[in-house]
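If you're wondering where the values come from, they're calculated on a predicted model, not measured in any experiment.
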Amino acid sequence: MNTFALCKTVHLASMKNFLTSFLGSLAAMFVASLLFIFIIVALIPEEKQFKAKENSVLHMKLDKPVLERGSNNPFENFSFDGENSMPVGLDDIIANLEKAKADSNIRGIFLEISTVNAGMATTEEIRNALLDFKSSGKFIYAYSEVMDHKAYYLASVADRVMLNPQGLITHAGLSAQLMFFKGMLEKLEVEAQIFRHGKFKSAIEPFMLDKMSEANREQVEKYLGSLWAHMLQGISESRKIPVEELMKMADDMRVQNAGDCMKFKLADDTLYKDQVLAELRTKLGIKENKKISMVELGKYSKTPKGKKEKLSQKKIAVIYAVGDINSGEGNDESIGSERISRAIREARLDSSVKAIVLRVNSPGGSALASDVMWREVVLARASKPIIVSMGDVAASGGYYISCGADRIFAQPNTITGSIGVFGMLPNMQKMFANKFGITIDTVNTNKHSDLGSVFRSVSETEGLVIQKGVEDIYQVFLHRVAAGRKMSVAAVDSIGQGRVWSGADALNLGLVDALGGLKDAIKYAAEKVGTKEYRIIYLPKQKKPFEEFMSELKGEGEDQARQFLRNELGDQYTMVLGFRKLCAMKGVQARLPFEFIIN
């Protein structure tokens with residue numbers, strides 16, 4: 001054998017060994033991947049039914065963010081220590097309270113909360129559900145070391161409110177904090193070029209001012225006062241304390257410690273946790289050292305309803321529209337015009353769906369995307385009743401997609417209105433040149449080809465064109481609302497201009513028809529079509545558990561990262577996300593005037 005043949009033989013042998021090794025490794029990786037998936041799937045908790053033991057107490061902590069709709073993620077409420085966290089869906093919480101009301105094994109509720117990571121209207125719906133539970137004659141005990149305003153608003157419905165002897169109930173009145181970025185932009189040499197209609201349309205104020213304008217302050221004081229008045233009225237009715245007295249307590253800073261909470265009747269007892277548990281044992285009639293059967297909300301979600309529902313052929317479709325409004329698909333936490341339009345269309349064309357309830361919880365967003373969904377609402381209204389149920393916020397674009405409905409329900413503390421539009425175009429030319437030494441050169445085929453570029457300022461002529469576009473969209477918005485609410489355009493404009501209203505004020509102004517929650521909207525929809533027997537379908541359809549898991553493996557979306565930030569930052573998450581949203585805006589916006597925190 002010559003040298004060439006020998007080298008060729010060695011080369012072929014080496015290649016064969018390499019291929020064998022490579023293919024073997026590839027096969028091993030494939031098998032390992034399959035094994036990994038099978039292991040993970042095996043870890044997905046089985047949806048076994050749960051039945052509470054006799055003489056049990058439903059334990060409510062509300063220590064996780066409360067979203068509109070419970071997640072279909074199989075790991076959402078799962079942990080390796082065998083404990084389930086509470087369901088993060090308002091729908092889950094309300095359903096659990098309804099089941100517990102009729103469950104003979106549930107004697108009462110132990111409400112153990114310090115804060116409520118939810119909006120004002122969501123808190124209102126939970127409170128109303130607690131009041132409904134209490135009408136059964138079962139007890140509610142509330143306890144905490146400290147309680148903020150929303151936590152106490154819920155706790156005030158309890159038969160007994162118990163507080164740690166060194167604890168405190170916050171009672172100082174509501175406060176709203178707004179963040180302004182003008183100084184930061186000046187330091188970065190970024191020019192915010194603003195286009196808006198509406199003296200109250202202050203979504204862009206953080207980029208042009210260092211404090212609230214007088215118009216903005218006026219509207220914040222108005223709706224904040226409305227929210228506080230409603231909260232005080234609820235506390236007054238539950239605790240039998242006059243509203244005037246509650247106001248004086250806050251103004252005079254009378255509530256400074258647990259003793260004051262007792263003195264002014266905000267609390268019934270000051271007890272340590274072991275003493276509270278002893279009180280619960282006495283209430284349940286069990287021995288001193290016997291363990292109390294506490295049922296967490298997450299576990300109780302697996303309890304079937306007492307009566308098996310008839311599979312009626314008549315359906316009411318509940319469509320969730322939650323989050324910022326944009327074009328495209330979106331997800332359970334953001335409104336994509338394609339996804340929501342498709343859901344409304346599906347319900348409209350389904351002859352078994354007799355009515356539609358659109359649940360809106362949105363500060364608004366893209367004006368174009370809002371108009372796309374408004375069209376589907378109007379088409380649906382022509383063929384069957386469509387009712388809107390507003391959550392914490394249904395403002396600007398959120399109101400845009402609501403105004404075409406037959407009837408609108410809102411909570412007294414829903415934030416709505418904000419009928420106005422704006423646009424913002426940052427000019428970052430100086431920042432890039434002076435801060436980073438980066439210059440930009442441009443070639444255009446026409447005079448205004450680079451209109452919209454962040455690397456130059458808008459000319460006077462271009463500014464007039466953009467402003468006209470904003471004005472035109474505002475006029476369209478006014479006419480949409482006027483037609484839907486059967487008002488004159490002038491009347492809508494007088495309460496528009498971007499102004500924000502509470503649900504209670506919006507009712508008086510004719511922007512909403514009734515005060516109530518999702519349950520009230522569904523009940524009205526059933527009455528509207530004259531049926532007592534119906535079943536509810538929920539749209540858009542959520543992904544099946546395995547699809548959800550595979551989506552997360554593929555890294556689709558930012559849901560897990562956002563969930564982590566929301567859990568860690570609590571209310572402050574709103575501010576962080578708000579700046580990100582404003583920087584990512586495209587096109588003319590119909591959006592709530594600002595990101596805010598109420599506490």
Side-chain angles (χ1 to χ4, degrees), residues 62 65-66 113-124 126-127 144-156 167-183 200 202-203 205-206 209-236 241 243-257 260-261 264 266 363 391-393 395 411-418 499-505 566 569-579 592-599:
L62 302 180
V66 181
I113 51 173
S114 294
T115 187
V116 181
N117 199 344
M120 301 291 279
T122 296
T123 304
E124 184 77 13
I126 297 172
R127 191 177 193 271
S144 186
E145 295 174 2
V146 293
M147 295 183 193
D148 67 9
H149 287 107
K150 284 185 285 189
Y152 183 70
Y153 186 53
L154 286 185
S156 65
L168 182 67
I169 293 170
T170 301
H171 187 76
L174 300 183
S175 174
Q177 286 85 45
L178 283 66
M179 189 178 291
F180 292 83
F181 307 110
K182 180 189 176 186
F200 294 99
S202 43
E205 282 192 5
L209 302 175
D210 54 14
K211 63 181 180 179
M212 285 182 272
S213 65
E214 287 304 312
N216 192 8
R217 182 172 293 279
E218 176 188 335
Q219 70 171 345
V220 173
E221 288 176 349
K222 173 71 175 174
Y223 78 71
L224 201 63
S226 179
L227 300 186
W228 180 232
H230 178 75
M231 183 177 282
L232 290 183
Q233 185 62 40
I235 294 171
S236 174
I241 307 171
V243 170
E244 296 77 13
E245 183 66 19
L246 289 168
M247 279 292 285
K248 195 163 182 61
M249 283 183 211
D251 285 337
D252 297 345
M253 296 180 67
R254 292 182 180 180
V255 184
Q256 299 177 20
N257 53 49
D260 293 335
C261 294
F264 297 112
L266 295 178
D392 296 317
V393 181
Q411 292 288 9
N413 42 21
T414 294
I415 293 174
T416 189
S418 190
R499 183 159 187 168
V500 175
W501 303 97
S502 70
D505 288 336
R566 186 184 289 108
L569 298 177
D571 286 340
Q572 306 305 319
Y573 173 76
T574 303
M575 290 298 189
V576 175
L577 193 59
F579 181 66
L592 189 69
F594 34 72
E595 299 289 340
F596 58 93
I597 293 173
I598 297 177
N599 54 34

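- The side-chain hydrogen bond (donor to acceptor under 3.5 Å, both in side chains) search around Glu221 returns none, not counting sequence neighbours.
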- Full working for side chain to side chain contact (heavy atoms under 4.5 Å, CB included) between Met249 and Ile241: CA-CA 11 Å; Met249 283 183 211; Ile241 307 171; 3.9 Å; yes

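- Separating the CD1 atom in Ile169 from the NE2 atom in His149 is a distance of 10.5 Å, to the nearest 0.5 Å.
- Nearest heavy-atom pair across Gly173 and Trp228 is CA-CZ2, 3.5 Å.
- His171 places none of its side-chain heavy atoms less than 4.5 Å from the side chain of Cys261.
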- Query: Stepwise, does the side chain to side chain contact (heavy atoms under 4.5 Å, CB included) test hold for Val146 with Ser114?
  - Reply: CA-CA 5 Å; Val146 293; Ser114 294; 4.2 Å; yes

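- Contact between Ser156 and Ile235 at its shortest, heavy atoms only, is OG-CG1, 4.0 Å.
- Side-chain contact between Thr123 and Asn413: absent, with no pair of heavy atoms (C-beta onward) separated by less than 4.5 Å.
- With a 4.5 Å cut-off on side-chain heavy atoms, Asn117 and Pro65 count as touching.
- For the pair Thr416 (side chain) and Ala395 (backbone), a donor-acceptor distance under 3.5 Å is absent.
- Here the side chain of Arg499 pairs no donor or acceptor atom with the backbone of Gln219 at under 3.5 angstrom.
- Here the closest heavy-atom approach between residue Gly391 and residue Ala121 is recorded as O-CB, 3.3 Å.
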- Message: Quick one, Leu178 with Asn216, criterion side chain to side chain contact (heavy atoms under 4.5 Å, CB included). Give me CA distance, side-chain angles, the key distance, then yes/no.
- Response: CA-CA 11 Å; Leu178 283 66; Asn216 192 8; 3.8 Å; yes

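- Remark: Lys211 NZ to Phe180 CZ distance equals 10.0 Å, nearest 0.5 Å.
- Legend: residues meeting side-chain hydrogen bond (donor to acceptor under 3.5 Å, both in side chains) with Thr170, ordered by chain and number and at least two apart, are absent.
- Nearest heavy-atom pair, Lys182 versus Asp210, reported as atom, atom and distance to 0.1 Å: CD-N, 4.1 Å.
- Tyr153 and Arg127 get closest at one heavy-atom pair: O-NE, 2.6 Å.
- Here the side chains of Lys150 and Asp148 are in contact, with some heavy-atom distance below 4.5 Å.
- Counting heavy atoms from C-beta on, the side chains of Leu266 and Leu246 come closer than 4.5 Å.
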- Task: Could you go through the side chain to side chain contact (heavy atoms under 4.5 Å, CB included) check for Asp505 and Tyr223 one step at a time?
- Result: CA-CA 8 Å; Asp505 288 336; Tyr223 78 71; 5.5 Å; no

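- Across every non-hydrogen atom of Asp260 and Asn257, the tightest pair is N-OD1, 2.9 Å.
- Under the rule for a side-chain hydrogen bond (donor to acceptor under 3.5 Å, both in side chains), the partners of Arg254 that lie at least two apart in sequence or sit in another chain are Glu245.
- The side-chain contact (heavy atoms from CB on, under 4.5 Å) test with Met120 singles out one residue from Leu227, Val393, Ile415, and that residue is Leu227.
- Rounded to the nearest 0.5 Å, atoms OG (Ser236) and CD (Glu244) are 7.5 Å apart.
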